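What follows is a short report on a single structure.
Note on naming: letters A, B, ... go to the chains in the order of the sequence lines (proteins, then strands), and numbering restarts at 1 for each one. The model shown is predicted, which means the values in this text are computed figures rather than measured ones.
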Amino acid sequence: MGVYDYTSVEKKWQDKWVKENTFAAKQDFTLPKYYALVEFPYPSGDGLHVGHPRSYVALDAVARKKRLQGYNVLYPMGWDAFGLPTENFAMQHHIHPEIVTEKNVSRFKSQLQSIGLSFDWTREVNTTDPSYYKWTQWIFIQLFKHGLAYKKEMNVNYCTGCKVVLANEEVVNGFCERCGSPVVHKTKSQWMLKITEYANRLIDDLDDLDFIERVKTQQKNWIGRSYGAEVNFTSTEGDKITVFTTRCDTLFGATYMVLSPEHALVRAWLENGIIKNADEVKAYQEEAAKKSDFERTELAKDKTGVCLKGVAAVNPVTEQEIPIYISDYVLSTYGTGAIMAVPGHDTRDWEFAKKFDLPIIEVVAGGNVDEAAFTDCETGILVNSGFLNGLSVEEAKKAMFAWLEENGIGHRQVNFKLRDWVFSRQRYWGEPIPMTYCDKCGWQPISEDELPLLLPEIKDFEPGEGGESPLARHTEWVNTVCPCCGGPAKRETDTMPQWAGSSWYFLRYMDPHNDQALASPEALAYWGPVDWYNGGMEHTTLHLLYSRFWHKFLYDIGVVPYKEPYKKRTSHGMILGMNPRAFVNMSKKDQDALVAEYGSEEAAKKALVEKYGEMAEHPIVKMSKSLKNVVNPDDIIRDYGADTLRLYEMFIGDFEQAAPWSTSSIKGCKRFLDRIWQLQDILIDGDEYRPELEAAFHRAIKKVTSDIDSLKANTAIATLMALVNDIVKTGATNKKEYHTLLMLLNPFVPHITEELNQICGLSGELSQQAWPEYDEAKCIDSAVEMPVQINGKLRSRITVPTDSDNDTVLAAAHADEKVAAAIEGKTIVKEIVVKNKLVNLVVK
RNA sequence: GCGGGUGUGGUGGAAUUGGCAGACACGCUAGACUUAGGAUCUAGUGGGCAACCAUGCAGGUUCAAGUCCUGUCACCCGCACCA
């Protein structure tokens, strides 16, 4: 039948699918539904790289299989198109971001279509479309009306590169997650969202979800719930100093206190002249304020601080006076910004106490507090602790809670690491925040029937130097009337962060053209929640957490009928590339040249590390533009075809694991497809599996069916390769077999399978057929080959009828020549037969 | 430091409840067909001449361990002075 012309065949089917909307979800809400979702991309100017399709193809296979199994499948795609790179590109090239976005979207879309993904393109959404962001703004207004959006003057992370405020989640080691510029602190008035209000539910509700474990633990750690107590100390000046502690059992061992340098009491005491060493204290405060987050963590090992002279605290349980220090190891943003220090049983306090020569009292026996803090809560027994003596840590905590409450000194308290979400960005290319400020009425949302509040068309979207939004310069837009009193008011000029539009997009797919609501209640009830959501690990504490928060809020106000947006969450591993700077990846010629230059291979490698950093030691690294090791899917499709690309991405390895791209391995996938193509030459009639292949087919159906659902496409494909090998060995295949094979392959390689099915006239379009069924009873061959072990070592193999009883199997084993020779003259101690698996004879 | 994960041929990776380690593929070797081969096909391919030895390392349980238990090492990812 000649060579397979993948280019024209793939084009033919892709055009047909787009033209006929073959994969559009049906509006029939009585059918069983399945909602498969992949994270919609940010349409950057670079186009797709081979990492994108890994996620898309995996769920495409799931979606295609579910359709064949009779589900009404929603598998949508859209564009998360607001964001900085587009805006930066637009500024550099003096093109409006809207035009840049449009261009990028059309490139992405044609790339996705050239992969043959079965997206429902009738439901495409775009976060920058006013008919979409109308509802993003609407949700913000609801958040405001329910007290979950508030404006606050606060210390924020400010990226010196992007000139924009960042959320905590966007700061990595003190640097901007996106551009890598240092992040500094600034005080700015910001819109905040009270995600902390949902902290408990965001943790607790994880229990019922089918999320991969690392996503759950990462979210839990990020939210960082800890159970403890708030305890009130008093100062010698009569102030109440509240601390948070998880170890109230150690209160008798609190020998000093530490406040964060920013603590309000320190400011008050300085103002009142209570602190005698004010200069020293002020100097330390300034020093601490200057440090970036990065410096603060870098210097973490070495404790610094200043003792406040002229004021002390009283330990409420010992009634002893203890000194008060300020130190930047106490964070103003966690707990109460103040701690009771128990050097005997907290590592940080211990280090601090050693450095400042403070008393260390052992209150939990079991370690040696002179050498190190004893932090074991399991085995320790309370000592030197009055009424707690002799108790375990757990018991002592309970007793202390009771004592604190009885005496009005403290109470149980739960604290979180999670901070409220900084929601303002001083940028142009984002959703306008639909709020106005009036001197009389304060902040007011604009009337909901004025939504969407359109982003005004402006030309100068450079950010202001002082970190001011570009919109602020457009007074004709800024000046408006107060929706409350009708007086003069000003619009909010900050825009929403990139995460806004993606926090609810999966709901819009359910009913994307609705102009009365973000989606109809019927559509929301039918399609939700998302059955399977796949996306990157990097979004675990960003998009994934944010969207769970918004969803819970929408649930609370009755918009959505279920409290979690996603039933199941998985995460694909990255596709890695060759590191051209690693010695082992260089051509022989370049290696020789380097060896010649530096004298030896070792010296050459060392020189590379000096030149490029440690990275030069790793042969496999992330793909990046700077290394020029990015593989473009367009090239792969041109050289091998979309089906080969799809097959390879699924075959490359464990889906959850990172995998290096290999240009040679991909050939194996191409070869396999060519063999599938060639099978048509040996096609014979027949509408039943031939006996010699029947069991193999039933097993393959079973394996592929379950493997697609458990993200093991690699083994599903291996099974199909083995099946093809078996078929080829028989020298022929019949129509029934070929059709089943093409059906099983269809979710992975839809083009070639549809084409072969059509050429050979096997059935109507595969996309309209029913998924093959298997019969458990027929998965088993009539005879099995069983290994025979003597003392656990393989000695021979016997073939017996399947499900033979032990006596039959043993008789066959003993009849075997090699076995007989091996046990010659030995005593049989034990005979083990595992049905259909193996025989083991234990001899002496 | 805390949390999560991974260690299997030259490479990517397979191995239901413990039950033939290395499926499937890449690469490599030899051969065939070819003017040619970076195409295709056939055969071979963990190590060792063998007995045997092999799943990071050291023990243990078991008739039987990649899988279970104890200890240990290495690497990767996330968080990181969170009281």
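- The side chain of A/D328 approaches B/C81 more closely than any other nucleotide in the set B/A25, B/C81, B/G4.
- A/I652 comes within 4.0 angstrom of sugar-phosphate atoms only, judged by non-hydrogen atoms across all strands, and of no base.
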Next item on the list: Any chance you could lay out the side-chain contact (heavy atoms from CB on, under 4.5 Å) test for A/T304 and A/D328, step after step, and finish with the verdict?
Entry: CA-CA 7 Å; A/T304 60; A/D328 62 6; 3.8 Å; yes

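- Residue A/T245 comes nearest to A/V231 through the heavy atom pair CG2-CG2, 4.1 Å, listed as atom of the first residue, atom of the second, then distance.
- If you check every strand for non-hydrogen atoms under 4.0 Å, A/N415 touches nothing.
- Pair assignment for B/A50 gives none, since no Watson-Crick or G-U wobble pairing has each distance under 3.5 Å.
- A residue-by-residue look at A/M340 and A/V834 shows that A/V834 has its nearest nucleotide of RNA chain B further toward the 5' end.
- Taking the six-membered ring for Trp and the full ring otherwise, A/F352 and A/Y325 have centroids separated by under 6.0 Å.
- Of the C1' atoms belonging to B/A14 and B/G7, the separation is 16 Å, rounded to the nearest Å.
- Atom pair A/L794:CG and B/A64:P shows a separation of 16 Å (rounding to whole Å applied).
- Side-chain contact check for A/V728 versus A/Q678: every heavy-atom pair is 4.5 Å or farther apart.
- In this structure, A/R795 reaches the sugar-phosphate backbone alone: every heavy-atom distance under 4.0 Å involves primed, P, OP1 or OP2 atoms, never a base.
- Residue A/D346 has its side chain nearest to B/A83 when only B/U17, B/A83, B/A15 are considered.
- OP1 or OP2 of B/A14 sits under 4.0 Å from a side-chain N or O of A/N714.
- Counting non-hydrogen atoms under 4.0 angstrom, A/N840 reaches a base of the nucleic acid.
- Side-chain proximity of A/Q657 to the nucleotides B/G5, B/G78, B/C63 is greatest for B/G5.
- Looking at A/E649 and A/H572, their side chains never bring a donor and an acceptor atom within 3.5 Å of each other.
- Contacts of A/F416 with the nucleic acid, taken as non-hydrogen atoms under 4.0 Å apart, are absent.
- Look at B/C33: it lacks any Watson-Crick or wobble partner with both distances under 3.5 angstrom.
- Of the candidate nucleotides B/C81, B/A83, B/A14, B/A14 has the atom lying nearest to any side-chain atom of A/D654.
- The interatomic distance linking A/F352 (CZ) with B/C81 (C1') rounds to 12 Å, in whole Å.
- One cannot find a donor-acceptor pair under 3.5 Å joining the base of B/C79 and the side-chain atoms of A/K417.
- Comparing B/C20, B/G5, B/C63 by their closest approach to the side chain of A/Q789 singles out B/C20.
- Heavy atoms of A/S226 sit under 4.0 angstrom from primed sugar atoms or phosphate atoms, though from no base atom.
- Shown here, B/A64 forms no base pair; nothing in the strands shown gives a Watson-Crick or G-U wobble contact with both key distances under 3.5 Å.
- Here A/R671 reaches the OP1 or OP2 of B/G27: one of its side-chain N or O atoms lies under 4.0 Å away.
- A donor and an acceptor atom sit less than 3.5 Å apart, one in the side chain of A/R797 and one in the base of B/C20.
- Separation of atoms CG (A/N714) and OG1 (A/T719) is listed at 9.5 Å; rounding is to 0.5 Å.
- Residue A/N725 is in sugar-phosphate contact alone, with no base atom involved, counting any heavy-atom pair closer than 4.0 Å across all strands shown.
- For a distance-only test at 3.5 Å, the side chain of A/K703 fails to qualify as a donor-acceptor partner of the base of B/U16.
- Looking at heavy-atom distances under 4.0 Å, A/T246 makes contact with sugar-phosphate atoms alone, never a base.
- Of the nucleotides present, B/G78 is the one that pairs with B/C2 by Watson-Crick or G-U wobble criteria, both distances under 3.5 Å.
- Nucleotides B/U16 and B/A80 are separated by 40 Å at their C1' atoms, to the nearest Å.
- In this structure, A/T347 does not reach the B/G1 phosphate: none of its side-chain N or O atoms is under 4.0 Å from OP1 or OP2.
- A/D674 contributes no side-chain N or O that, together with a main-chain N or O of A/Y4, makes up a donor-acceptor pair within less than 3.5 Å.
- Figure legend. B/G71 is base-paired to B/C57; pairs are counted as Watson-Crick or G-U wobble with both atom distances under 3.5 Å.
- Looking at heavy-atom distances under 4.0 Å, A/A658 makes contact with sugar-phosphate atoms alone, never a base.
- In this entry the base of B/G78 is anti relative to its sugar, with a glycosidic angle more than 90° from 0.
- Partner assigned to B/C24 is B/G12, using Watson-Crick or G-U wobble distances below 3.5 angstrom.
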